[in-house]
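Reminder, nothing fancy here: chain letters follow the sequence lines and each chain counts from 1.
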Amino acid sequence: MIRKGPEAVGEPSLGMVRPPLPGFRPDLHEPRTATAVGRWLGIAFTVCFLTGLWSHLSQHPPSWLDLPASPSWLYQVTQGTHVASGLAAVPLLLAKLWTVYPRLFAWPPVRSVAHAAERLAVAVLIMAAIFELATGVMNIAQWYPFPFNFPAAHYAVAWVAIGALAVHLAAKWPRIRGRLAATAGEPRETTEGRRRFLATAFGAAAAVTLLSVGQTVRPLQRLAVLAPRRPSVGPQRLPVNKTAAVAGVGRSAMDPAYRLTVAGPRRMALSLAELAALPQRTVTLPIACVEGWSSTQSWTGVPLRDLLDLAGVVPGRTVRMVSLERTGAYRTSLVGPGQARHPDTLVALRLHGEPLALDHGFPARLIGPDRPGVLQTKWLGWIEVA
Amino acid sequence: MRGVLLVRWVLLAVGVALAGFGVWTLLHRTFDTRPVDTATWAVGGLVLHDGLLAPVVFLAGWLLARAVPARVVPAWARAMLGSVLVLAGVCVLLLVPKWRSPAHAGNPSVHPPPSAADIAVAVAVALATLGLAQLAAWWLNARVRRSSVPTGASDR
């Protein structure tokens, strides 16, 4: 049986006296249990990595990538999935670490160079996995007790985590293939104990999902007690990430002398009344935040392409939207040619037919399909060709 | 067998390349990533888990097993109690950042406090989810017990 294999838990070793290390019940710490949890944890991490990579590309689009404008809900779904799979991975990772915890006390600690390399790779994997989940959970709560920049460190360590996961799969591949070994012949209590353990791990993962996914799946929002946001709580029934007070734009946004400058070949400086006098369009689009919450709303404003046409900006150009904010990482955002010319990309003036609340970007904000929330620039003051 | 070997070598090569790119990114953008701080936090997470969280959970489990002896309390109740405590612990871990975060100051849309009714509904749904999972485990066990014909141990 696998339990009696060369890496069995607490196995007495020849030649060296095992120090008084803790002993563990074997049934919950079998390789088979670890593999059963690990399969789902691996799926969660892979999904989390790919959706995270998409989020990174969406926030920092390389020059060769013109992000799609359709489907408009793409980022809403990928980022909702990113955060949901990360949160579900928390109980799964804890369960996985619980099953392999006795290995920490394996004796002798190192049997060969290959064994040492494998242990080191596992340590890297665990460190990267804990780092990613911990910093991710802190970020969705907007709690930054660490000195590094969250997106940069979370992005770099994500590659380490997925790479270490592949190395771990390489090391464990024979065992993963052999996992389907029959339970027949195993003591019944062992099987039952393991099933109850797995039920706890998967049950907790499902419960965590149900108690948080309401931040993006609106019918479940009452249940979202673990999530930092609810899709309909905030001014004009929409959450706010950065308030006007924090951005320091209150005075300039409320100034009657406000003008939106479109710096094309024909430079225009439009007052709010002039913007409102242009042909308006109403669209239903989500604000989808990188922190996993999203909320679909009805927006009214001037299509960006109309403004670009008036200013003489030819199609095929990337444009830069600049906020009235003086500082801040998301003071400006780029709109690629595809999104800039999409009819649903608006310089929005109204939300549900009412003027935008100051915290939602009054007097004018960008709203476009399939964009991360931080790139839906608020308090627009300037539009230029990038 | 050669196929298995090939899969392992490909996984190893791809894994080292991906992790290497991560380390390169970490060291390439040091202004943002602050590699020493990032490494300290990564090692700190491992130490906190292995040195504090896991021993505490093991000790709690050991004490609980003695407080709720198997000969007195039925297996399903012990399993359910374990599930509830595990989920409660995970929820505490997930809620710590919410409690510590200063983000709700001046922004009532961050961490809107759930009403008592919302909490009650959430607890009921969580209990039902855990109960269903344990029920599924019980059902699988019962099915295996009915059809179990010992065929002897096999490794592969």
With a 6.0 Å cut-off (strictly less than), is the heavy-atom count around CH2 of A:W143, excluding the residue itself, greater than 12? yes
Flag, side chain of A:R229 to backbone of B:H111, donor-acceptor distance under 3.5 Å: no
Side-chain contact test, heavy atoms from C-beta onward, threshold under 4.5 Å: evaluate it for B:L26 versus A:W159 and give yes or no. no
Check whether any side-chain heavy atom of A:L226 sits under 4.5 Å from a side-chain heavy atom of B:L95, and report yes or no. yes
Check whether A:L210 gets within reach of chain B through its side chain, its backbone, both or neither, counting any heavy atom under 4.5 Å. side chain
Counting heavy-atom pairs under 4.5 Å with chain A, which one of B:D50, B:V123, B:V10 comes out on top? B:D50
Geometric class of the B:F58/A:W98 ring pair [parallel <30°, tilted 30-60°, perpendicular >60°]: parallel
Nearest-0.5 Å distance, CH2 of residue A:W173 to CG of residue B:L12: 13.5 Å
Shortest non-hydrogen separation from B:L18 to A:G163 and the atoms involved: CB-CA, 3.7 Å
Region of B:R100 in contact with chain A, defined by heavy-atom distances below 4.5 Å: both
Exercise: identify the closest heavy-atom pair between B:K98 and A:A227: NZ-O, 2.8 Å
Please tell me if the side chains of A:Y144 and B:P102 come closer than 4.5 Å, counting only heavy atoms from C-beta onward. no
Top contributor to chain A interface from B:A54, B:G89, B:A39 [non-hydrogen pairs under 4.5 Å]: B:A54
For the interface with chain A, which of B:C91, B:P112, B:A79, B:A126 has the highest count of heavy-atom pairs at distances below 4.5 Å? B:P112
To the nearest 0.5 Å, what is the distance between CG on A:L133 and CG on B:L94? 9.5 Å
Are A:L93 and B:H49 side-chain neighbours, meaning at least one heavy-atom pair lies under 4.5 Å? no
Checking the side chain of B:S101 only, and the main-chain atoms of A:A141 only, is there a donor and an acceptor separated by less than 3.5 Å? yes
Interface residue of largest heavy-atom contact number with chain A, from B:A19, B:A133, B:A17, B:G20, under 4.5 Å: B:A19
Measure A:N241 against the heavy atoms of chain B and call it side chain, backbone, both or neither at under 4.5 Å. backbone
Measuring only between side-chain heavy atoms, which start at C-beta, is B:T25 closer than 4.5 Å to A:V157? no
Contacting region of A:L104 [heavy-atom separation from chain B under 4.5 Å]: side chain
Got a donor-acceptor contact below 3.5 angstrom from the B:N107 side chain to the A:V240 backbone? yes
Taking all atoms of both residues into account, what is the closest heavy-atom pair of A:M138 and B:W41, and its distance? CE-CZ3, 3.8 Å
